[in-house]
*Asks:* 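This is the structure I have questions about; it appears just below.
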Protein chains: 2
Amino acid sequence: MLTAIYTAVGELVGQGADKISFPVIAERAGVNPTTLYRRWPDVNALLEDVAVAALTRDGESVPDTGSLQQDLTEWANIIARDINRPERARYLRAMVAARVDLVANCAITDTRRDQAAEMVRRATERGEKTPTVAQILDHIVAPLYYPVVFALPLDQDHAERLVRDVLALAR
Amino acid sequence: MLTAIYTAVGELVGQGADKISFPVIAERAGVNPTTLYRRWPDVNALLEDVAVAALTRDGESVPDTGSLQQDLTEWANIIARDINRPERARYLRAMVAARVDLVANCAITDTRRDQAAEMVRRATERGEKTPTVAQILDHIVAPLYYPVVFALPLDQDHAERLVRDVLALAR
DNA sequence: TTCTTAGAGCAAAGATTATTGCTTTTGGAT
DNA sequence: ATCCAAAAGCAATAATCTTTGCTCTAAGAA
């Protein structure tokens, strides 16, 4: 039931459907539209729920290679690969469209911040100089998301360049 | 006629209306819905046109203070102030929603790149060491847009910190 | 001035979406 | 097994959006 609905939404978002309405979702999920109208205040709310579910399932473990540079590089590449997948990119845009503040805060930013903090903590323990968590978010995460959100052409080695830059800020 | 339509759209977007349809726009603009249906393929197309018009009219001149640091600081603050205005933020999100690749490329990125290039050029002529244009886009522009797009809380002095960081990359 | 034509309005019809009262199913507790 | 309550389905209705043929207006050309 619920998973059928989530799946339906995921498929619609994934294939870039531009007419995502309750009736459309309901038909694809094999449920009655009324169910959706009764359970969610509007389509955006449902979209939000699905987005949270889709974006928080990060089995992604934080890289732990023994060097901050490698950790960040692997991490940045994981993020880059993830958000550049077409359907993932559409999720992001759909969320932005829906002004899904909650998702933005919880699922994306918080997770990324925690992961960055973890890597910095380990590096500090090893005695490495590190940039701040805020710097990592500003200078790695943001530049990775920016082109995806705005549908700009992605360039190779972006992640590597960002890591190199941010490491120059290590104190 | 056209300006009435654009104005109507602008007002609706500006006040965060979530039901932006041709009939609604038409009524506010005092035109017949048919006109809109016949002239634009769908609402997003109209939104795109309006967004282009709204975002390309940058009378913004590039700062020229005699120092790259000051140029970048003023520039970053101009950008930050601009895109953090609520209705401007909504435009951005609306554009992202509409997958307005064209707008993203032309109006935003290209303009910003040109402006950055101009400041770098001047600084280089003065003999200053500078970061690359790509670095400025990655480490100043992207981090400024990121929180706006994702509706994250904005923090004071963000622009200043970004400029300080990016200048550490100057070569 | 008259003709031409692109664009805008009007109105009717069709399609889709949203709401609501009521019935039916389902899963768990007794 | 039976009962209960929450959730889902159903169907009728309303509201909104979309399409289409036709008419009317206005700006430029002959």
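The figures that follow rest on heavy atoms only: side chains count, while hydrogens, waters and symmetry mates do not. Naming: A, B, ... by sequence-line order, numbering from 1 per chain. This one's a predicted model, so the numbers in the text were calculated from it and none came from an experiment.
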*Asks:* Out of C:dA8, C:dA18, C:dA11, which has the shortest distance to the side chain of A:F22?
*Replies:*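 Closest of the options to the side chain of A:F22: C:dA18.
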
*Asks:* Grab the CD1-P distance between B:I20 and D:dC17 for me, whole Å please.
*Replies:*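 Between P of D:dC17 and CD1 of B:I20: 12 Å.
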
*Asks:* Could you tell me the separation between the OH atom of B:Y37 and the P atom of C:dA11, rounded to a whole number of Å?
*Replies:*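 Atom-to-atom, B:Y37 to C:dA11, this comes out as 17 Å.
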
*Asks:* Using the rule that two of Ile, Leu, Val, Met, Phe, Trp, Tyr join whenever any of their side-chain heavy atoms come within less than 4.5 Å, decide whether A:M1 and A:Y37 are in one cluster.
*Replies:*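 Result: yes, single cluster for both.
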
*Asks:* Between B:D165 and A:H139, does any side-chain donor sit less than 3.5 Å from a side-chain acceptor?
*Replies:*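 Yes, a side-chain donor-acceptor pair sits under 3.5 Å.
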
*Asks:* Rounded to whole Å, how long is the line connecting atom CZ of A:R38 with atom P of C:dT24?
*Replies:*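 In whole Å, C:dT24 P and A:R38 CZ are 15 Å from each other.
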
*Asks:* Please say which of A:L167, A:T124, A:I136 ends up in a side-chain contact (heavy atoms from CB on, under 4.5 Å) with A:T130.
*Replies:*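 When A:L167, A:T124, A:I136 are each tested with A:T130, the side-chain contact (heavy atoms from CB on, under 4.5 Å) holds only for A:T124.
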
*Asks:* Measure from CD on A:E27 to C1' on C:dT16 and round the result to the nearest Å.
*Replies:*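 Roughly 12 Å, once rounded to whole Å.
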
*Asks:* Salt bridge or not for B:E118 and B:R121, using N-O below 4.0 Å?
*Replies:*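 Yes, B:E118 and B:R121 are salt-bridged.
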
*Asks:* What's B:T34 touching, base or sugar-phosphate or nothing? Going by heavy atoms closer than 4.0 Å.
*Replies:*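 Base contact.
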
*Asks:* With sugar-phosphate meaning primed atoms plus P, OP1 and OP2, does A:T35 contact a base, only sugar-phosphate, or nothing at under 4.0 Å between heavy atoms?
*Replies:*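 A:T35: backbone/sugar contact only, no base atoms under 4.0 Å.
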
*Asks:* Nearest-Å distance, CD1 (B:I25) to P (D:dT16)?
*Replies:*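 Taking CD1 of B:I25 and P of D:dT16, I get 16 Å after rounding.
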
*Asks:* Starting from P on C:dA8, measure out to CG on B:L2 and report it in whole angstrom.
*Replies:*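 From B:L2 CG to C:dA8 P: 8 Å.
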
*Asks:* A:L36 has an atom CG; how far is it from atom P of C:dT16, in whole Å?
*Replies:*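 That distance rounds to 17 Å.
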
*Asks:* Grab the CG-C1' distance between B:N32 and D:dT20 for me, whole Å please.
*Replies:*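 Rounding to the nearest Å, CG of B:N32 and C1' of D:dT20 are 13 Å apart.
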
